[in-house]
Structures are given as C-alpha cells and as structure tokens.
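Chain letters run A, B, ... following the sequence lines, proteins first and then strands; every chain starts at 1.
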Amino acid sequence: MYTQGLDQAGKGDPAAPREETAAQRDAFQARIDAEEKIEAKDWMPEAYRRTLIRQISQHAHSEIIGMQPEGNWLTRAPSLKRKAILLAKVQDEAGHGLYLYSAAETLGVSRDQMVADLLSGKAKYSSIFNYPTLTWADIGAVGWLVDGAAIMNQIPLCRCSYGPYSRAMVRVCKEESFHQRQGYELMLTLCGGTEEQKAMAQDALNRFWWPALMMFGPNDATSSHSAQSMAWKIKRFSNDELRQKFIDVTVPQAEFLGLTIPDNKLTFNEETGHYEHSDIDWQEFFDVIAGNGPCNKQRLEKRCKAQDDGAWVRKAARAYADKKAAAEAAA
Amino acid sequence: MISPSTVAAYATRLGDNALVLGQRMIELVAASPELEEELANANFSLDYIGQARMFYTYAGEREGAGRNEDDFAYLRPEHEYKNLLLVEQPNGHFGDSTVRQVLFESWYVLILDALTRSSDEGIAEIAARAIKEVRYHLRHSSQWLVRLGDGTDESHARAQASLNELWRYTGEMFVADGLDEKIRKDFKGPDLRHIEAQWQENLAAIVAEATLELPGDQWMASGGKQGRHTEHFGFLLAEMQYLQRTYPGASW
Amino acid sequence: MTKQEWPLYEVFIRSRSGLSHRHAGSVHAADDQMALNNARDTYTRRTEGVSIWVVRSSQIVASDPAETAAFFEPAEDKIYRHPTFYDIPDEVENL
C-alpha cells in the first residue's frame, strides 16, 4: 500500500545510493521471471524505481500535452456529434494522465515534482505531440495513427511487472479502443466525401505518417535503455518489433481508405510477410526530442500558462481547506 | 392557441444557452488550474453539448421542416440565436468563469425543475435528464465560489470583482418575453417571478457562505432573447461554424 | 514544493451493490468534498460507481512487505481456520 511515507525513499543523498546486494537483486529478478507483480513497498533496485518513474511520468506528460493538438479543433468541430466525440476523447486523455501520475506517485515522486520537471523542459513527452494539427483531417489522422501506435505500445504494458503501472494501463486500454476507431471512422467519412475532403485526408496522412513511425523510438541497435527494461519486464517488445507490427497492420487500412502512404519504397515482402519501407529520417526525431520541433515551445508555454494562471486558485483552495480544518479543530 | 412553433422556439432557445455555454467551457480545455479540474470541466462541457443536441433535435421535430441538430448549430446567423448574454461572455480567469457558472446554473436548475412539470412531454423529458447533470454542476461551481470567496485575500477580491462585472447580465434571466409567457400559460412552464425570488434566496446563501457581497440594483443588459448579442458573439459563431460554412453541403 | 500541493487521497469504488470497495487509484484535492468530486469525475466516467470512499493517503496504515513472513505465515500453520479441514457428513446441508 502506498502512503506518503514513500517520499522518504526519494529523500536522502542521490549521490550515495543505498547498498544493494547481489542476493537482493537476484531474488528480485526471480520474482520478475516468475511473472510476479512488484508492488509499491516491495524491495526494488533503485535503477528499476528510477526507470519506472521516468517512463510512467513521460507517459503521463504525453497524455496531458496530447490534449493540446487535439483540443485545437474542439471549438471548430464540424458537427455536434464530432464535437462530443472529440471532447470525450480529450477528457479521456486527461483521465489517463491522472491514472499515470497516480501510478508514478506510488514510487515516491510527487505530482508537483513531475509537473515542475515537465514545465522546466527537463522531462520529456512523446515526440508526436510537437506536431501541429492544421486541418480537421489531422484529428482523424491522430486518432487513427497516433492512438493506433499508442495502443500497440500500451497493450503489452498491461502485463508489465510493476503492479500500479500495469493496473493503470488496463484502465487506459479499456478506454483507448474507441479513440482509434473514431479517428479511422473520421478518415473514412472524409475519404467518402468531396474531392476537397479527400485531399484533406491525404494531406493529413502525408504529414503524420513518419512522425507516427518515430513514436516507437529509435532503432533497437541505437536504443540504450532497452535491454535492462526488457529483463525487468517494464518493456515487453522491442521498438522495431512494435513499429513493424504497426506498419503491417496500418498499410491495409490506408489502402481501404483509398489513401497513399507517403513512402515510394513501401513494398510487401512475400517471404518475410512484412512491409519494407524507406529509412526513417532520425535527424528529425532527434531535433524534435531536443526541443526543435514545430510546436515544442507553444505546447510548453500553454501548459506553463495554465499552471501559472491557476496558482492563485490552488492557493485559495488550500487556504480555505486550512481555515475549515482549523475551525473544526477548535469546535 | 397552442402552436408547435412555440415549443420549437422555446426548445431552440434552451439549446442555444446550452451550446454557447458548452462552447465557452470547451475553450478552457488544457487551461484548467489543476488536472482534476480539467476532467470536471470536460465532463460538464459534454453535458451541455448533449443537452444542446437534445433540445435542437426536439425543436427540429416539432418544427417539422426537416432541420437537424447541426442545422441549428451551424447554419443559423447571429440574430437567430436567442441565448442569454451571460453565457456568451468570454471566460476570463477562473473566478470569472466560476461566477458565470454559479449565476447561470442557479437559474437553470430552477427553470429545468419547473419544466419537468411542463405539459409538453418532450421538453419535460429532456428537462428531467438535464436537471440531474445541472444539480451536480451547481454543487461543483458553488463549492468553488465558496473556496475562492473564503480563500485568500486575492481570491476574495477577484471573485467579488467577477460578481460585480457579471451581475449586469442576470436581469435578463427574469424578464419574461412573449415566448416565456406562452410557455407559462399554455404549457405549464416556469413563472419567472417565482423563479427570481427563489434564485435570489438561493444565491444569497451561496454568496454569504463565500463571504462575498451581492451587488446592488443596477442597470441590466438585455437583448439576448431577441437575438441582439454582445460583440463577442460574432467571433464565437465564426469559429464554431467555420468548416460547415467553408465546405457547404459536405458530410462530416 | 510539496507544501503547496493539494494532498493526495486514495480512491475506493464499489461499482455494483453486493461488491466490496476496490482500490482504483488516487487523486489530489484541497479538501474532502473536492476529493469525492474528483474521484467521481476521474474513476466513474464510464460507469455509475455505486459508492466512493476517499481517504487521505497519509491516513492509511499498511503492513510492511518485508515482514510478510512473520505477519502472515503463522496463519498457514493454524490450519483449523480453514473450513476444508473439517469432515462434515454429506447428509448435513448448508455447511
């Protein structure tokens, strides 16, 4: 059970980590190998705890920042039904962020600390949300491709070794399935509509295809954290495995829409049963991660503004609660 | 003489309030003071959009001219929208939007309560569904007004200023026009004089708990029910209707 | 930093009458009333949760997993707690 007592795990000199014996680490690994769930107050290597905090908080930040590119078209949604659907999706994202911050807090980091790290630029979030949503079709592309990629990542995480994270992911996955369907259905409507609508859909695919592929992270060969994360069952499949699966599943979906994937080297290999594709431009990925994507600055600014504008409100709520508590104590 | 267009017009007006307020609340997405408040705001916006859809759909049915909910929302010009001026006011800061919610919701919940007893079954049914949502909204927004009013000196000052600024839009809620009178007489609709008395009593209690002061009698703005809006409304409509206006006849 | 934060509450939901409350996660809130509202908005969006409990996280007292052996194992020795260890004749119903 996680209580505020866990904060103490984070306190203490980071330069002098507590001693971990080989026996402890072996016993821990044995539990992982036996598919046991690790819970908040169980013994765990410090590196396991730190990796999880990083991964879970990044995931949470992504949900929160992700509300912005999608929220961008809420006021302009072209029908009341679409407006309601998009609003429900954005609301789900806020909820998912909450579940994930909640899971991360079980590891001894506070919500305040995580938010501060996001706003200072220290913490990362998924690269995809640094791209703009320029047309209504982008909302369809985001639902279809971005949520599709996210689902591919998230379903295995329902079985990750850390209890609170896996339970949060089960909640998230239950709610996520409608997100991808609504995006694809939006694209279907556009592709079956006017020439202008079809062109809008193709343009959205052209701009979101490669950034969606980059969501799976760098190639396995260059990915530093992967091996240990796999051993600890925090990561269940490699970046390239998931990316390939996504491509194989998505290309036929694009064909059904009558859209062209923006890759002239895309071909189905009969022998391997997979699609081959052009090389990904990893320079773009690293630029975006480093803060030089189209929307990094404005995403953070909007989040910072909400935080700053809300400071007096949060303070007022706290002051009121303290006053009431004092009055009750005196009574 | 009972005419279906009375009910259609009244339902449309209720839909307009819900849609315009829902639209304003949607603008607050990703701007809330805390993540938990984001969820509440999104929940409530969804409720209002849902109510707008129900009212517009019903209005279209009663009108019998084949208009659907989107025809009402996207293809009418400014002067055909008959929402209260209160709900089209810009969001401002959290104090402004909270005060707006409390002023409107404390009125709306009384109107809906009366409408559940209306002899028009369609309106009564929608009102019965909506009132459950709006009771919860009012609880939320009035709790926040109390926290702001009785929080810090700064939040108290801000909330009082918001109340003083928005007060001029409350008069319109209780001035019955021809449509209000017809609904009251022919469809057992709300009597705005009774509603006003109850509203003043309920609001006074919330405002007192928030340690705020009710503004005194003053000039009241009007025109919403006649389709004469404030300057903000044109921009709200332009943004909302953009896609349908740019691609006429397309399906979305 | 943590002094400014709204306190953390743990959320327990009974999703249908007849079931127990189950731990659903946590929310931050400035006071108990807000905690209930936040819990409802966060954890019962898709379904009607029949009942919600919120508790300040700091109020929860937990057993220490490191002491699992001492805390729990003795019960495994005291087998008379388990109903399967009593032989009841088949003719006796409802036992």
Side-chain angles (χ1 to χ4, degrees), chain A residues 60 63-68 70-84 86-88 90-95 97-98 101 111 115 135-136 186 189-190 192-194 196-197 200 299 302-303 305-324, chain B residues 19 22-43 45-46 49-50 52-53 56-57 68-70 72-74 93-95 98 143-144 146-156 158-159 210 236 239-244 246-247 249-252:
Chain A
E63 298 280 355
I64 300 311
I65 296 291
M67 292 169 69
Q68 288 186 42
E70 291 192 282
N72 193 30
W73 279 87
L74 273 171
T75 52
R76 291 175 292 172
S79 74
L80 294 183
K81 181 172 153 206
R82 292 285 177 203
K83 197 192 280 281
L86 186 55
L87 188 47
V90 170
Q91 180 200 41
D92 275 355
E93 269 139 37
L98 261 176
Y101 281 131
R111 167 98 70 89
V115 169
T135 71
W136 175 247
L186 195 159
T189 306
L190 294 177
T194 67
E196 283 162 319
Q197 286 175 305
M200 204 192 280
R299 298 290 180 240
K302 184 159 171 121
R303 188 65 195 88
K305 183 170 193 301
Q307 194 69 11
D308 292 343
D309 287 353
W312 69 271
V313 176
R314 293 189 300 274
K315 206 169 153 199
R318 205 64 225 266
Y320 175 75
D322 289 346
K323 276 192 217 180
K324 285 217 30 191
Chain B
L19 179 61
Q23 182 78 352
R24 278 296 187 220
M25 292 170 78
I26 280 169
E27 292 169 15
L28 292 173
V29 165
S32 277
E34 190 53 270
L35 191 47
E36 283 82 355
E37 197 56 32
E38 282 285 352
L39 271 185
N41 180 64
N43 264 339
S45 311
L46 260 174
I49 300 300
R53 296 178 69 190
Y56 286 150
T57 300
N68 65 27
E69 63 190 20
D70 288 336
F72 283 91
Y74 292 90
H93 58 65
F94 190 74
T98 299
Q143 279 169 5
W144 262 113
V146 170
R147 286 187 198 108
L148 297 182
D150 196 12
T152 61
D153 290 340
E154 180 184 2
S155 68
H156 179 95
R158 287 204 195 216
L236 184 151
E239 193 173 324
M240 188 171 73
Q241 297 186 343
Y242 158 72
L243 273 172
Q244 287 230 12
T246 309
Y247 302 99
S251 301
W252 300 95

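- When heavy atoms are compared at a cutoff of 4.5 Å, B:Phe94 approaches chain A by way of both its backbone and its side chain.
- At distances below 3.5 Å, at least one donor-acceptor pair connects side-chain atoms of A:Lys323 with backbone N or O atoms of B:Asp150.
- Ranked by heavy-atom pairs under 4.5 Å with chain A, the list B:Leu39, B:Ile49, B:Leu19, B:Val29 is led by B:Leu39.
- Interface summary for chain A: among B:Glu69, B:Glu239, B:Gln241, B:Gln244, the most heavy-atom pairs under 4.5 angstrom belong to B:Glu239.
- Neither the backbone nor the side chain of A:Leu186 comes within contact range of chain B; no heavy atoms are under 4.5 Å apart.
- Of the atoms belonging to A:Leu190, it is side-chain heavy atoms, and not backbone ones, that fall under 4.5 Å from chain B.
- Within the 4.5 angstrom heavy-atom criterion, atoms from both the backbone and the side chain of A:Val313 approach chain B.
- The OH atom of B:Tyr74 sits 10.5 Å away from atom CH2 of B:Trp252, with the distance rounded to the nearest 0.5 Å.
- A:Arg82 is linked by a salt bridge (charged side-chain N to carboxylate O under 4.0 Å, His left out) to A:Glu185, counting only residues two or more places apart in sequence or in another chain.
- With a threshold of 4.5 angstrom between heavy atoms, A:Lys305 does not approach chain B through any atom at all.
- No other option in A:Gly71, A:Ser79, A:Ala306 has as many heavy-atom pairs under 4.5 Å with chain B as A:Ser79.
- Highest contact tally toward chain B, considering only A:Leu80, A:Leu87, A:Leu74, is held by A:Leu80 [criterion: heavy-atom pairs under 4.5 Å].
- The most heavy-atom pairs under 4.5 Å with chain B, out of A:Gly95, A:Ala321, A:Gly193, come from A:Gly95.
- Taking the six-membered ring where tryptophan is involved, the planes of A:Trp312 and B:His93 are perpendicular, since the angle between them exceeds 60° and thus also 30°.
- The greatest number of non-hydrogen atom pairs below 4.5 Å with chain B, out of A:Gln197, A:Arg303, A:Lys324, A:Glu196, is found for A:Gln197.
- Checked by atom type and distance alone, the side chain of A:Arg314 pairs as donor or acceptor with a backbone atom of B:Pro33 at under 3.5 Å.
- Rounded to the nearest 0.5 Å, atoms CG (B:Asn43) and CD (A:Gln91) are 4.5 Å apart.
- Side-chain atoms of A:Lys302 never come within 3.5 Å of backbone atoms of B:Ala31 as a donor-acceptor pair (strictly under, hydrogens ignored).
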* To do: May I have the step-by-step check of side-chain contact (heavy atoms from CB on, under 4.5 Å) for A:Gln68 and A:Glu93, ending in yes or no?
  => CA-CA 10 Å; A:Gln68 288 186 42; A:Glu93 269 139 37; over 6 Å; no
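- Looking only at heavy-atom pairs under 4.5 Å with chain A, the residue among B:Val146, B:Asn41, B:Leu28 that has the most is B:Val146.
- Among A:Lys83, A:Met67, A:Gln307, the residue with the largest count of heavy-atom pairs under 4.5 Å with chain B is A:Lys83.
- Heavy-atom distances place both the backbone and the side chain of B:Ser45 under 4.5 Å from chain A.
- Atom OG1 of residue A:Thr135 and atom CH2 of residue A:Trp73 lie 6.0 Å apart, to the nearest 0.5 angstrom.
- Note that OG1 of A:Thr75 is 10.0 Å distant from CG of A:Leu86, once rounded to the nearest 0.5 Å.
- Residue pairs satisfying the salt bridge (charged side-chain N to carboxylate O under 4.0 Å, His left out) criterion with at least one member in residues 26-43 of chain B, sequence neighbours excluded, are listed as follows: A:Arg111-B:Glu34, A:Arg111-B:Glu36, B:Arg24-B:Glu27.
- Note on B:Leu35, B:Leu236, B:Leu243: by heavy-atom pairs under 4.5 Å with chain A, the leading option is B:Leu35.
- Using a 4.5 Å cut-off between heavy atoms, A:Lys81 contacts chain B through both its backbone and its side chain.
- Counting heavy-atom pairs closer than 4.5 Å to chain B, the top-ranked of the candidates A:Leu98, A:Thr189, A:Thr194 is A:Leu98.
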